[in-house]
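The residues of the chain are indexed from 1 along the displayed sequence.
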Amino acid sequence: MPGVGRWAHNALMSEPRESFTDEEYAFLRYARFGELPSPVRPEDRTESTETEPPRGLPEPVGDPDEWILRNGAA
C-alpha cells in the first residue's frame, strides 16, 4: 500500500471501480424503499401552520428579562 509520510494511504481502496447505471440505482431505491406514493396534486395541497411549540425542546428556565440581559439584547 502506498504511504504518505509514515502513514498508510488507502485512497486507492476507497475509489469505486465501476458505477451503477440509472436503472440499477432505480432498482436499488425500489428495493430499499418500495413503491413511492403518488405525488400530491396542487389542488389537494393545504397550507399548514404550527400553533404548538416544537416538541423535544426543553422549556426555558428563568426570568425572560434575565435572559435578555445575559444574551446582550437591548
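- For Glu43, the salt bridge (Lys or Arg N to Asp or Glu O under 4.0 Å) partners two or more places apart in sequence, or in a different chain, are Arg41.
- Distance check: Asp22 CG to Phe27 CZ gives 15.5 Å after rounding to the nearest 0.5 Å.
- Between the side chain of Asn71 and the main chain of Trp67, a donor-acceptor pair closer than 3.5 Å is present.
- Not counting sequence neighbours, the partners of Glu66 by the salt bridge (Lys or Arg N to Asp or Glu O under 4.0 Å) test are Arg70.
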